[in-house]
Colleague: 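Questions regarding the structure given below will be posed in turn.
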Amino acid sequence: MDTLVSLSKRRGFVFPSSEIYGGFSSTWDYGPLGVELKRNIKNLWWRDMVQRRDDIVGLDSAILMSPLIWQASGHITEFTDPLVDCKVCHHRFRADQLDGDRCPDCGGELTDVRRFNLMFKTFVGPVEDDASVAYLRPETAQGIFVNFFNVQQSMRRKLPFGIAQQGKAFRNEITPGNFIFRTREFEQMEMEFFVKPGTDEQWYRQWVDNRYNWYIKYGISPDHLRIREHQKEELAHYARATSDIEYTFPWGWGELEGVANRGDFDLRRHSDASNKDLSYFDDETGERILPYVIEPAVGPDRIALIFLLEAYHEEPDKDETRVVLRFHPELAPIKVAVLPLSRKLGEEAHNVHSLVRSHFMSQYDDTGSIGKRYRRQDEIGTPLCVTVDFDTLADSAVTVRDRDSMEQVRVPLDALVQKLKDMLKLGE
Ligand code: ATP
């Protein structure tokens, strides 16, 4: 993990936040390559969840919402973690993550458990009193539930259908850490899939499978993933069933994504609390029903971490070690690098770059030996390098090098873009 954190900083994926001021606990900033990686993850999710389906639409709701929403959803009373402190070393822990009843760091005695609400509180307007309290949303899901009626009516949707949303969420986590795995400010990608009661079990299974297969499709080994179904005692207050898709992180198995069958909990709570009828008219039976909802919920920061972990490879190369990020081409921040063998070929190489850059996220690099430049691209996971050499001036062709096999092929310039498309297979 330390190796990955250091590579992330050195190569512009993720920087410690507020670093010049000594940092700020467990906050991270995405650098030029990290922002591309995370954007690719969010775009792929959106493409596969919204764009390529007939039954899901998108939404972008506000972060600050009426506090009545958090009251109705149960977050003000229930969204707590059990907090304990060590009386000796004063370290702080989540009681549900401890094995014994003494401090894991020094063996000291622990305080009684206190419930700690994870929502960040703030004030709206100039007066800081109880009437102006607002919360930074701890999940994006509630923005979807309170817009259920608006979306269903405006888009004339029939069950089953889903509403997807991506955006920032905030939780005052007691124990943030493990790089970008758990932070207090993070992003979520959540989709609420509304179904007729009675069909929920089947849809729940379908979404667990769908989401598991999504990770396999983009290069996660099945050996590194597992589905863990929650026991009855473990279920959250709103859930009829939940499965976590877990990844084997360097510290052990941990939640990557949760898929929950939330029943009609949310729509019922908001109907009751707002006095607005959020039921759905089923024109097949002529009855009004409260839909059940299946929710796949995940954070793109956690996904970025698993794709970085999965992609990282060190392999012997002559007398040295080649570090290579074997990203799926869809995820690679840079798809194609254009490298002139010599600076004297600058004009020709810039022309090649202009040809390539309107089709692919690309980079131009003319500093250092060609071997060093290949290594730099390997280290950031660029699938293809295009080298312009002195022969290019005569034969109007370039060399395309594949990151994984390191094989090189000569390609005429007028066939280059199509060849790169065939090799990258984007959009499949
Ligand atoms: P945990 O038990 O790890 O605190 P959770 O079960 O509370 O997580 P959910 O409420 O199900 O998490 O959130 C859905 C998803 O959002 C998680 O699977 C994870 O991918 C992401 N997520 C939740 N909390 C954080 C966080 N603090 N930092 C980064 N991602 C997070």
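This one's a predicted model, so the numbers in the text were calculated from it and none came from an experiment. Throughout, residue positions are numbered sequentially from 1 according to the sequence presented. Whatever order the structure lists them in is the order used to number ligands and atoms, beginning at 1.
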Colleague: Assess, by modelled atom type and distance only, whether the side chains of Ser73 and Tyr238 contain a donor and an acceptor separated by less than 3.5 Å.
Modeller: no

Colleague: Going by the rule ring-ring contact (aromatic ring centres under 6.0 Å, His included), which residues pair with Phe194 if we only count those two or more places apart in sequence or in a different chain?
Modeller: Phe148, Phe161

Colleague: Anything with a heavy atom under 4.0 Å from ligand 1 counts, so go ahead and list those protein residues by chain and number.
Modeller: Arg94, Arg171, Glu173, Phe181, Arg182, Thr183, Phe186, Gln188, Glu255, Leu256, Glu257, Gly258, Ala297, Val298, Gly299, Arg302

Colleague: So, Tyr218 versus Asn40: side-chain donor-acceptor pair below 3.5 Å or not?
Modeller: no

Colleague: For Asn117, check side chain to side chain contact (heavy atoms under 4.5 Å, CB included) against everything at least two apart and list the hits.
Modeller: Thr80, Met119

Colleague: If you measure only the distance, is there a donor-acceptor pair under 3.5 Å linking the side chains of Gln363 and Thr382?
Modeller: no

Colleague: Tell me, please, which residues at least two apart from Glu78 pass salt bridge (Lys or Arg N to Asp or Glu O under 4.0 Å).
Modeller: none

